[in-house]
Amino acid sequence: MTHALLVIDVQNDFCPGGALAVAGGDQIVAPINAMMGRFDAVILTQDWHPAGHSSFASSHPDKAPFEMTEMPYGPQVLWPDHCVQGTDGAGFHPDLRTDGDLIIRKGFRSAIDSYSAFFENDRATPTGLKGYLDTRGISKLTLVGLATDFCVHYSAVDAAKLGFDVTVVQSACRAIDMEGSLAAAQQAMQAAGVTLAD
Ligand code: VGL
Ligand code: ZN
């Protein structure tokens, strides 16, 4: 079985000092680098928003970061401006090995957010990652990265629904954990058949 490591959004804006910092986000860089050699393929994702993206609270005059809004595709958390295309914040953590096979970018459509590496938040627009994995014969995925309760969670659940054998190594992930979102994500991942490991 061809086994890929999927490294989710280990970018400066999700690390301490970044615009949407995840506590301890930088602590997973060394363990992820150390894992890379054990896989048949290494794929990295990059959150990659145009300035003024609709998921930014700054694009909604009456809203503050971490409040909710209603998008045509459903409820959406509003975030501080982050991972704006071409900025340092959108860059990978400087110590992360980026010599993987593929970098897939997501969240580049202004009107729609994309937590998952497979489908945008309308749950219908594909990123193309499934086609890449299928054509390479990759059927088993291990996920690590940021943030456990958003992009790792949505990517893992979509991967399991698409029929991949999916493991999330939680010790190589860190969470935003807004109002119980980590526990909810762990439940949803388990319900989808994702293996949670440490
Ligand atoms: C993420 C919130 C907004 C993530 C990305 O990578 O988990 N979270 N954009
Ligand atoms: Zn984002």
Side-chain angles (χ1 to χ4, degrees), residues 5-29 32 43-60 63-69 71 73-93 96 98 103-123 125 127 129 141 143-159 166 168-170 172-186 188-189 194 196:
L5 180 68
L6 189 52
V7 181
I8 304 289
D9 297 1
V10 182
Q11 293 167 263
N12 291 319
D13 270 342
F14 298 124
C15 290
L20 179 41
V22 180
D26 54 338
Q27 296 167 357
I28 65 174
V29 172
I32 291 172
I43 297 157
L44 303 105
T45 69
Q46 203 169 18
D47 209 38
W48 193 252
H49 301 306
H53 191 261
S54 59
S55 75
F56 296 169
S58 63
S59 304
H60 303 258
K63 294 286 188 182
F66 307 106
E67 289 182 2
M68 299 294 299
T69 193
M71 296 289 208
Y73 54 79
Q76 166 75 48
V77 182
L78 292 172
W79 302 107
D81 290 23
H82 65 280
C83 296
V84 173
Q85 297 173 0
T87 63
D88 284 350
F92 290 111
H93 185 287
L96 183 72
T98 56
I103 296 171
I104 187 147
R105 289 169 165 170
K106 60 186 179 61
F108 51 74
R109 290 183 177 84
S110 257
I112 179 168
D113 205 2
S114 187
Y115 294 149
S116 166
F118 293 92
F119 295 102
E120 301 194 11
N121 285 9
D122 61 359
R123 320 307 303 130
T125 305
T127 62
L129 180 57
L141 296 173
L143 274 71
V144 294
L146 304 170
T148 323
D149 41 348
F150 287 91
C151 291
V152 175
H153 160 210
Y154 279 77
S155 298
V157 167
D158 281 349
V166 186
V168 170
V169 178
Q170 297 187 98
C173 297
R174 290 293 183 275
I176 295 173
D177 204 13
M178 280 173 66
E179 296 162 23
S181 57
L182 176 58
Q186 288 167 326
M189 289 191 282
V194 173
L196 299 182

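Counting convention: from 1, in listed order, for ligands and their atoms alike.
No donor-acceptor distance shorter than 3.5 angstrom exists from the side chain of H49 to the backbone of C83, with no hydrogens or angles considered. Between the side chain of H53 and the backbone N or O of D81, no donor-acceptor pair lies under 3.5 Å.
Note on D158 versus R123: salt bridge recorded, some NZ/NE/NH1/NH2 to OD/OE distance being below 4.0 Å.
Here is the list of ligand 1 atoms found below 4.0 Å of a heavy atom in D9: 4 (C), 6 (O). Heavy-atom proximity to H82, at under 4.0 Å, picks out these atoms of ligand 1: 3 (C), 9 (N).
In terms of distance to the Zn ion (ligand 2), the nearest N, O or S atom of H49 is named NE2.
Put simply, no part of H153 is less than 4.0 Å from ligand 1, judged by heavy atoms.
D113 and Q76 are linked by a side-chain donor-acceptor pair at a separation below 3.5 angstrom, with hydrogens and angles left out of the test.
Every N/O-N/O distance between F14 and ligand 1 stays at or above 3.5 Å.
Among the backbone and side-chain atoms of D47, an N, O or S atom lies under 2.8 Å from the Zn ion (ligand 2). At least one N/O/S atom of H82, whether from backbone or side chain, sits less than 2.8 Å from the Zn ion (ligand 2).
Taking the six-membered ring for Trp and thresholds of 30 and 60 degrees, F14 and H82 have ring planes inclined between 30 and 60 degrees apart.
Only backbone heavy atoms of L146 (N, CA, C or O) come within less than 4.0 Å of ligand 1; its side chain stays farther off.
Of all protein heavy atoms, the one lying nearest to atom 5 (C) of ligand 1 is D47 OD2, 3.2 Å.
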